[in-house]
Every structure is written in structure tokens, then in C-alpha cells.
J.: 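I'd like to ask some things about the structure below.
Throughout, protein chains are lettered first and strands after them, A, B, ... in sequence-line order, and every chain is numbered starting at 1. Predicted, not measured: the structure shown is a model, and the values here were computed from it.
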Number of protein chains: 2
Amino acid sequence: MNAFTQKPGRRDAQRDATRARILETARDHFERHGFEAANVRAIAADAGVAAGTVLLHFADKRDLLHAALFDDLAATAAEAVRDDEPGTLEQRIHRLGAAFFAYYARRPTLSKTLLREALFADPPWQARFTEQVAAVHGRVVALFNAARAQGEVADDADAALFGVAFFSFYYFALIAWVQGAHPSPVALLDRLVAQHLCGLRPAANVRRAR
Amino acid sequence: MNAFTQKPGRRDAQRDATRARILETARDHFERHGFEAANVRAIAADAGVAAGTVLLHFADKRDLLHAALFDDLAATAAEAVRDDEPGTLEQRIHRLGAAFFAYYARRPTLSKTLLREALFADPPWQARFTEQVAAVHGRVVALFNAARAQGEVADDADAALFGVAFFSFYYFALIAWVQGAHPSPVALLDRLVAQHLCGLRPAANVRRAR
DNA sequence: GCTTTTGAGTGAACGCGTTCACTGAACGTG
DNA sequence: CACGTTCAGTGAACGCGTTCACTCAAAAGC
């Protein structure tokens, strides 16, 4: 072992390769069969390891799901937050929501499970989701403040609380969608945000949502 | 068998008694140990039947949970909707939310599971929850219209959409509470409703939430 | 009263997620 | 190079929810 580079070592390399193989196989199985129908033994067999090996690398089946899909969600979040196209607050909020809805729409078999796991995650995944929610919340607050600078919303409006309201609407729309109660989560989000913003406009510029 | 009364018959009576015994035992086990930790074999043993009998009366373990606790939720909902004490729209909405929060607070061990099952229920329970949500939604709309008659909210405000916003806030506050992110769901609900109502007031009577 | 049908109740067996005592190859040390 | 140590990987075993061929007493038909 030299002082410059921490040599990976055959053992570490093997372990990382095994872990990656399991993860890739798991992603495939989950997206094909859904969460409940996916079989840990089958994933292990396809990845060329014993059943026990899967649970050596991941705490349990749900942990495997999180590990397999969290990266994608993080990438979606990073991209959505990076969006800097101009527009009204409503338009920018719309695009933010639409990016996340697209993430779920891409995985129809898994979206119900994904949403459930996102909302009701246990540690350590709970902390990671909270962190990501905080990042998006921060973005919403930033968009709100930018709109305030443009005179789009009132000076005394509570930006942080608006961010919370946004998440309420976002999650409610998602739940309604996965439960089949509403065909278009984006449309529902737009309407709710529009009604909420009614009272947050400058006094001179009030427009009501019907 | 006479034409007037459908005689229960020993068999029917036995079956109903068995079902009731299982349900009572299940309720006890669920509230004591939580959903995952509760054991179907143990419930069966305590109810004095074989394991298979439990799943003869209920489709699966989750179905048993629903059957064991749905009545309580329905009673809570019925009582909350019946409340006719006077007050401002915000006060009445507050009481409505508080009644449901109290239902969950009464079952700290189960509340996370209960909420998850309420939001992501599968048929046939999904239909029953939808029905109950619709009833409460109707009540919110009625409260909103009553407030409108009092001149508390604008004539052209969308009452149905306000009802949807209420549920968004209600569920978000509940989720935040069971996940430990917010200590008081009622306070969060109040603040969100107050901000939402900003823009729905008559033009002459605008007050902003900070 | 005797026979047939019905359906509540049974429990061994199955598939699944998960555990853990064990194996052996890679690694550090003299 | 020989030795003990570490740790990725194993697979039989466990507990659980769930299934289903079976039992037998109650109801229905004769």
C-alpha cells in the first residue's frame, strides 16, 4: 500500500462490484414486477449471489428499493432546482412540480410504493428525503422572493409558509393521482397554487381564482 | 323458518360471534404491539381459533386492521361533521381538523400505519375512505358557504377547491406529525388555512397572514 | 328418520423476507 | 513464507403471512 493512492484492493473492488450488480438487478426487478411482487431470492440469483448476500449489503428489501431509486430522484430534484427559465411565479412553480410528476409517471408500476416510501420513510432514508424536501422548499422560497422583487406578491407575505403550502398541494396531487382519483396532478397543483396566491398578491393587483 | 323473521340459525350466530371475537382480539393486539409486530397466529390463538380461520373472515392482515379500526374513524368523522357550534370559518375548520387529529393522537403506536393505510388503501377500503373524505369535504364546503353568507369570504371564491386545499393541509400536517417533523399538526393546519384564506376574503376586508 | 349439501373451521404446507453460525480467500504481520 | 485475522459471501433455518385440501356439524331435501 503506497502513500499516494489508497489502493482499492481485490476485496474492496469485489465488494463494490457485487453491490453494484445487486443494485442493477434489483432496479430491473422492481420496475418490472413492482415492489411486493419482486423477490429477493430471484434478485440474488440473477445477480449471481446467495440470498444472504443481498441483505449483507442492504438492511432489508425496502432499503434495497431506496438505494436503487434514490439516485434517480436526487437527479430529478437537482435538475428541477437548477431550472432558471424566466416566467411568472405560477409558471415556475408549475415547471417545478411537473418535473417531479414526470419522475413518478416514468415508473407507473412503482409510483404508489415510491410515494408511500418517500412520505413514510424510516431512518436513515427519512433524513435523506427530509434533506431533499428542504432543498426544494428552499428553491420555492427563492422563487417566491424573486417574485416579490418583481412586485408579483405582497411584501408582507410569508415565503416559508408558502413553501409548506406548495408541498401540501404537491403531495396531495400526487396521492390523488396514484390513487386514481385525479387524472392530472399538474392541473390540480396549478389550481390549488393559483387559489392560494390570491391573497398573497399586492393589494393593487388582486385577481381571484374562480 | 317462518316468513316474518329470518331466523339467525346456529351456524350464522356462531360465525358472527367468531368474527366479533377475532376483531376484538385483533384491535387489542394492534394497539398494543403495532401493525407489523402484531402476529396473526397469536391473534387467532387468543381468539380461540386456528390461524386459517382469521383469514377466512378477513382477506389478509391489512384487511383485519381496516375492519378493526374503520368503525372508530367513521364515528370520529360523524361526530366531527355533526359539530354545529358557531364561530368564524377558521375556528370551525380548526375544530374539524382537531377532532381528526385527536383520533390519531389516541393511537400513537398505530397512527403512522393508520395514516399510510388511509392514504394508500386498496379496494374495497379505498372506496370507503373516499366516501368518508367526500363527506368531510362536503362539510367543509358547507362551512365555507355559510361563511360566505356571513360575508366572511368573497362571493366568487371556489368552495370546492377550498375543500381540496383543506385536505392537502390536513394530510400534510398529519404526515409531518407522524414523521416527527412538526409537534403540533393543529397549529400547522391553522397557519396554512389562514394564509390560504387571505385572498378569499371580500375585497373590503383583506387581512394578511404573516 | 335418513341422506345430501353447505360452509365454518382446521392445520399442515408453501413462499417469502430475514437471520446467523460458518467458510475461505484476501489481507496484515513477524 | 508462514501465521493469525478480517470480512465478503454462503445457505440452512426461522418466523411470518397466506393457501387449500380436508373435516364435520348444521341445514336442506326426501
J.: Is the distance from OP1 or OP2 of D/dT10 to the nearest side-chain N or O of A/T53 less than 4.0 Å?
T.: yes

J.: Determine: side-chain N/O of A/R11 to OP1/OP2 of D/dC7, distance under 4.0 Å, yes or no.
T.: no

J.: Using whole Å, report how far CZ of B/F58 lies from P of D/dT19.
T.: 15 Å

J.: Where each pair must be Watson-Crick or G-U wobble with both distances under 3.5 Å, what dot-bracket representation of DNA chain C is obtained, with crossing pairs in [ ] and other-strand partners as |?
T.: |||||||||||||||||||||||||||.||

J.: Taking only the side-chain nitrogens and oxygens of B/T18, find out if one of them lies under 4.0 Å from OP1 or OP2 of C/dA8.
T.: no

J.: Any heavy-atom pair between the side chains of B/Q132 and B/F70 that's under 4.5 Å?
T.: yes

J.: In whole angstroms, how far is the P atom of D/dC16 from the CD atom of A/E36?
T.: 20 Å

J.: With heavy atoms under 4.0 Å as the rule, sort A/A38 into base, sugar-phosphate or nothing.
T.: sugar-phosphate

J.: Parallel, tilted or perpendicular: which one describes the rings of B/F120 and A/F120, with boundaries at 30° and 60°?
T.: perpendicular

J.: From CG of B/L56 over to C1' of C/dG11, roughly how many Å is that when rounded to an integer?
T.: 13 Å

J.: Give the nucleotide from the list C/dT18, D/dA8, C/dG9 with an atom nearest to the side chain of A/R15.
T.: D/dA8

J.: Atom NE2 of A/H57 and atom C1' of D/dC7: how far apart are they, to the nearest Å?
T.: 11 Å

J.: Nearest-Å distance, NZ (B/K61) to C1' (C/dC16)?
T.: 14 Å

J.: Relative to the ring of B/Y170, is the ring of B/F166 parallel (under 30°), tilted (30 to 60°) or perpendicular (over 60°)?
T.: parallel

J.: Any chance the side chains of A/H29 and A/N39 put a donor and an acceptor closer than 3.5 Å?
T.: no

J.: How many whole angstroms separate atom CG of A/D12 from atom P of D/dA8?
T.: 8 Å

J.: Whole Å only: how far is the CD atom of A/Q14 from the P atom of D/dA8?
T.: 11 Å

J.: Where does the angle between the aromatic ring planes of B/H66 and B/W125 fall among parallel (under 30°), tilted (30 to 60°) and perpendicular (over 60°)?
T.: parallel

J.: Nearest nucleotide by nearest heavy atom, which residue falls closer to the 5' end of DNA chain D, A/R41 or A/A50?
T.: A/A50

J.: My understanding is that only one of B/V40, B/I43, B/V54 makes a side-chain contact (heavy atoms from CB on, under 4.5 Å) with B/K61; could you say which?
T.: B/V40

J.: Does OP1 or OP2 of C/dG17 have a side-chain N or O of A/N39 closer than 4.0 Å?
T.: yes

J.: What is the distance, rounded to the nearest whole Å, between atom CG of B/D60 and atom P of D/dT19?
T.: 8 Å

J.: Please tell me if the side chains of A/F172 and B/V164 come closer than 4.5 Å, counting only heavy atoms from C-beta onward.
T.: yes

